[in-house]
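We count ligands from 1, going down the list as the structure has it; atoms in each ligand are counted the same way. This structure is a prediction, so every number in the text was calculated from the model and none was measured.
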Amino acid sequence: MASVERSIDWFRDAGRPHRDDRALLASVLEGLRQHPKRISPVWFYDERGSCLFDEICELPEYYVTRTELAILQRHLPEMAARIRSHACVIEPGSGTGLKTKLLLEALDRPSAYVPVDVACEHLEAAAARLRSEHPHICVHPVCADFTMPFEVPDTERFARRAIFFPGSTIGNFDRHEAVRLLARLRHLAPGGGMLIGFDMVKPAGVLVPAYDDAAGVTAAFNLNALEHLNRRLGTDFDPAGFRHRAVWNPVASRIEMHLVSTRAQMVRIAGRDIHFAAGETIHTENSYKYTTERFASLAEVAGWKICRCWTDARGFYSLQLLE
Ligand code: AVI
């Protein structure tokens, strides 16, 4: 820790005293000192990374988005009936896309929609758009990190709450984090429900290309995390000195994304040199894939009961209503 503090001093002396950046710097340094090295997947999502993620969702190999959308479109009337009328829909993570629109349109007189996201400007703009398209729905954006405790506006305290958590976002959390998050969301919706989507276990021949596509979009998405670090924290990663790797880890039931150093190199971060051997990796993301049983056990530990499951014909993806 002492050396992390020294690095932070360097950071301050270098004329960049932003408090949040110093905390970020400390956590990046800590991750890069581990064996194997790791950084948080939050580094994917700067403006370019968000655009690349949108491109990923359209890739022929990335079945996740289109499979979930097809399940939703097919079963929305039943989902909406089970959620019941006058629901207050809470969506953790940036929503207000097509899936949200479809759900809100299928529901019987939703009382309110509460999108929760850290990207405040983006959130407000999306909320304004939604208000103009659906003037009868009260939209109350909450600017917060949904992995931390947050409050739903007081105006909605009497509404029956339904959490909408699509996109297999739950797959990017390790088990204990996923349990903690699901339990926290349960406390937000007492007596209510949650419609959640997750990706299912399938052959590696399908999974690996979904995270290592032929056009190289996922590779660019992974490498962009280094550009983001350089810009935000003043590191000097050379993205050309790394390559993308996606592997299926059948024991942990997850796709892992890594950045592999193509040569021995040094990276300067906050006045310190971090050494990379040729072939050494930075672990950047886990994407867990569930069986129905394993997801049920996760949900149960978090205090939820599964009341209905919908899947596609290939059994690639599942949307579940929890209560
Ligand atoms: C956001 N999340 C659900 C995506 C996934 O499939 O785990 C992130 C992603 N990483 C690479 N491709 C997509």
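Ligand 1 lies within reach of Tyr62, whose nearest heavy atom is under 4.0 Å from it. Using a 4.0 angstrom heavy-atom cutoff, Val64 does not count as in contact with ligand 1. Tyr45 counts as a contact of ligand 1, since one of its heavy atoms falls under 4.0 Å from the ligand. The shortest separation from a heavy atom of Gly167 to ligand 1 is under 4.0 Å, placing the residue in contact.
A salt bridge links Arg82 with Glu78: at least one charged nitrogen is closer than 4.0 Å to a carboxylate oxygen. Using a cut-off of 4.0 Å between Lys/Arg side-chain N and Asp/Glu carboxylate O, Glu105 and Lys101 are scored as salt-bridged. Remark: Glu68 engages Lys99 in a salt bridge, criterion side-chain N to carboxylate O under 4.0 Å.
Between Phe237 and Phe242, the ring planes lie perpendicular to each other; the angle is over 60°, past the 30° to 60° tilted range.
In the vicinity of Ser168, heavy-atom distances shorter than 4.0 Å reach the ligand 1 atoms 3 (C). Short contacts between ligand 1 and Phe221, defined as distances under 4.0 Å to a heavy atom of the residue, involve ligand atoms 10 (N), 11 (C).
Ranking protein heavy atoms by distance to atom 7 (O) of ligand 1, first place goes to Ser287 OG, 2.6 Å. Remark: minimum distance from atom 1 (C) of ligand 1 to any protein heavy atom is reached at Asn172 OD1, 3.3 Å. Of the protein's non-hydrogen atoms, Glu285 OE2, 3.4 Å is the one closest to atom 8 (C) of ligand 1.
Thr284 and Arg38 form no side-chain donor-acceptor contact under 3.5 Å, judged by distance and modelled atom types alone.
In terms of N/O distances under 3.5 Å, ligand 1 is approached by Tyr211.
Between Phe44 and Phe221, the distance from one ring center to the other falls under 6.0 angstrom. Aromatic ring centres of Phe295 and Tyr288: separated by at least 6.0 Å.
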